[in-house]
Amino acid sequence: HGPNCECPAGYGMPECVACPVGTWSEFGSDFCVECTNKPSRWSEYTDTAWTVEDCRYNCLEGMPNVSVNPLCDCPAGWAGSSCEVCPVGMWSPLNSMDCIPCRNKLGYSEYTVAGWPNASCDYRCTSDAIYLSDVYCRGAMQYIADLLFGGESTFGTLALVAIVLLGAIVGCLSRSSARRAKLRDRKYRFVHDKLPYHICRVHLYGQNRLHSSWKLSKQVPTPLEGVLSEDLWRAFIEELHRKTKVNRLEGIVERFFQFTHPPLAPFFVLWRRRHRGRAMKELVRTHSDGRANKAAVWKVLPPGMQHRRSLQMIFTCDASATSAYIDFFDLSQELFDWKPVDLRKEARLLVAHGMGSYADPFALDVGDPLVEQLAQTAFGAPAIYSMVFTFNRLARLVPASELDINADMRPCVDRLQVGVADRARQCGLDGV
């Protein structure tokens, strides 16, 4: 206290105690005065017993310090009485009490960043969008509508709905027709009932694409030398090569789609491969039965022998029309003469189909009658199918690039070989 018992600066009467936070007093003052110098609601006074009207203050906890934010402004992207960051999907201007919902995302997208400072919030496309890099994050239907009709419009939407309905109707009719054709065409399909009559299988090489079309050797396969006419077989192979040759224009169209509309390219290629597969099926049937003024490929046998009519060849390819083969049958064989294959004495070749891509990986056809025939051996169905499933599981990871003879490293192929070998040992097929 002073000589006249006055309170010192920063203290107030009647007990002459220190002025609380947010107040001050000068020497000899009878009371504390409220501080009025803090710049915003997001600042707070810090000291007691303050002696001048310019009271010390600081910005709220979590905000930029007063040394870099002297006015204690609540930054853009922050809001509320405590100035907290706005959550993902909301934004705010400077010194805002409320966060504002973002409304700028398009199509199949989601907001990504919290505390966004303006209405143009950052967002990215979700997996439902046809392209993750698409500015509009459009789904497949909207993408097709924009492609066909140049953007959103009532006419475009109605036309797209009409196209979808028409496609559904055509699809139903096609499936119904395919089911009827499947029943009617059973004679020309390799089903398990024909296993006892099977002579051999000849695989076409190539992937049914540009620079790798399906081909067959003009030399008569060894098991069929007694039943095939060399001249007729050579004529059949020449026509086969003409049917399976991929036009260069098709390659140009594929590259055009890859550049302009990448999702359409694989569908176009698949459509063309299947088209050649259907043409091949009809060609093989024609040369097997001797129809449409085409001579059958079988040797002409002496009069009185009906063996020629019992021979048949059937073309088969996988659903993607990447691998194909022709099966030969002698329908005159007796069922009682058939016996399961002995894998220790006879090798069987199973060729994987696929392109080595994510959409069309390498795999063996589990429904192939020859796989069923192997399952009837003494090793048992569980061992055979376990081997096939193991191969398919590991082959899905093998890229086509690793099958290049110039590839330096083939980690996925090596993993496939080791995995199949381990499974063979577990199933008792080691060395078979």
Side-chain angles (χ1 to χ4, degrees), residues 10 12 18-26 31-147 149-157 160 262-263:
C19 291
V21 173
T23 61
W24 67 282
S25 71
E26 59 186 6
F31 53 87
C32 297
V33 181
E34 184 176 356
C35 301
T36 58
N37 63 303
K38 70 175 184 176
S40 71
R41 67 177 71 202
W42 296 285
S43 58
E44 58 185 0
Y45 297 110
T46 58
D47 297 336
T48 61
W50 199 251
T51 60
V52 293
E53 62 178 344
D54 188 14
C55 301
R56 181 180 295 169
Y57 64 86
N58 205 348
C59 302
L60 296 181
E61 184 178 358
M63 292 177 57
N65 191 276
V66 70
S67 61
V68 296
N69 185 18
L71 298 180
C72 290
D73 289 321
C74 186
W78 299 54
S81 58
S82 301
C83 193
E84 297 176 341
V85 64
C86 291
V88 175
M90 304 192 80
W91 70 281
S92 71
L94 183 69
N95 294 332
S96 175
M97 285 298 294
D98 299 297
C99 295
I100 304 170
C102 301
R103 302 185 185 279
N104 63 304
K105 71 174 184 176
L106 301 172
Y108 295 97
S109 61
E110 59 185 3
Y111 296 111
T112 58
V113 181
W116 198 256
N118 54 59
S120 300
C121 301
D122 184 64
Y123 65 88
R124 65 183 176 193
C125 301
T126 65
S127 58
D128 294 323
I130 193 167
Y131 295 134
L132 295 181
S133 58
D134 183 17
V135 176
Y136 304 103
C137 296
R138 293 165 292 186
M141 299 295 286
Q142 185 59 51
Y143 181 82
I144 295 173
D146 291 349
L147 182 64
F149 309 107
E152 296 183 0
S153 66
T154 303
F155 171 76
T157 303
L160 181 61

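Considering only heavy atoms from C-beta on, Y57 stays 4.5 Å or farther from C35 through its side chain. Between N37 and Y45 there is a side-chain heavy-atom pair separated by less than 4.5 Å. Looking at heavy atoms from C-beta onward, S40 lies out of side-chain contact with C74 at the 4.5 angstrom threshold. Two residues are said to be in side-chain contact when any heavy atoms from C-beta on lie closer than 4.5 Å; N95 and W42 meet this criterion. Under the 4.5 Å side-chain criterion, counting only non-hydrogen atoms from C-beta, W24 is not in contact with D54.
The two residues C137 and S109 have their closest heavy-atom pair at SG-CB, 3.7 Å. Closest approach of N104 and A119 over heavy atoms only: OD1-O, 3.4 Å. Contact detail for C83 and P75: the closest heavy-atom pair is SG-CD, 3.7 Å. Counting all heavy atoms, side chain and backbone alike, C72 lies closest to M63 at O-CE, 3.7 Å. Between M90 and C102 the shortest heavy-atom distance is N-SG, 3.5 Å.
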**Request:** Check the pair Y123 / L106 against side-chain contact (heavy atoms from CB on, under 4.5 Å), numbers first and verdict last.
**Result:** CA-CA 9 Å; Y123 65 88; L106 301 172; 3.8 Å; yes
**Request:** Take C86 and W91 through the side-chain contact (heavy atoms from CB on, under 4.5 Å) test and state the conclusion after the steps.
**Result:** CA-CA 6 Å; C86 291; W91 70 281; 6.0 Å; no
**Asked** Does the side-chain contact (heavy atoms from CB on, under 4.5 Å) test come out yes or no for L60 and E44, once each step is laid out?
**Response** CA-CA 7 Å; L60 296 181; E44 58 185 0; 3.8 Å; yes
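T112 and D122 form a side-chain donor-acceptor contact under 3.5 Å, judged by distance and modelled atom types alone.
Other residues, nucleotides and ligands contribute over 12 non-hydrogen atoms within 6.0 Å of the OH atom of Y111.
Side-chain N or O atoms of S25 include one that pairs as donor or acceptor with a backbone N or O of G10 at under 3.5 Å. W78 contributes no side-chain N or O that, together with a main-chain N or O of S82, makes up a donor-acceptor pair within less than 3.5 Å.
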